[in-house]
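None of the values given here were measured: they were computed from a predicted structure. Heavy atoms only: backbone and side chains are in, while hydrogens, waters and symmetry mates are out.
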Amino acid sequence: MSTITIHLKNKEEETFMENLLQRTKISFEKNEDDALKQDRSETVDGKESLKRSRAKYGL
């Protein structure tokens, strides 16, 4: 089994993702405690992540 962590900005995004996962019949588990403990000072958005991957791997 794989694990994917999603950081949601607000309740609206949380509701949207829950509905999407339920409609596509993807099982999920909410763990709000872990999200509160994570240090987000090192996180990057998707565009920055792709930029770094391209630079590192020459994609």
*asked:* I want to check something: taking the side chain as every heavy atom from C-beta on, are Met17 and Leu20 in contact at a cut-off of under 4.5 Å?
replied: yes
*asked:* Once salt bridge (charged side-chain N to carboxylate O under 4.0 Å, His left out) is applied, what residue pairs with a partner in residues 4-14 remain, sequence neighbours excluded?
replied: Lys11-Glu14, Glu14-Lys30
*Contacts of Arg23 that satisfy side chain to side chain contact (heavy atoms under 4.5 Å, CB included) - sequence neighbours left out*: none
*Determine the sole option in Lys56, Glu48, Arg54 for which the side-chain contact (heavy atoms from CB on, under 4.5 Å) test with Arg52 is passed.*
Glu48
_Heavy atoms of other groups near Phe16 CZ, more than 12 under 6.0 Å_ = no
_To the nearest 0.5 Å, what is the distance between CD on Glu29 and OG1 on Thr3?_
9.0 Å
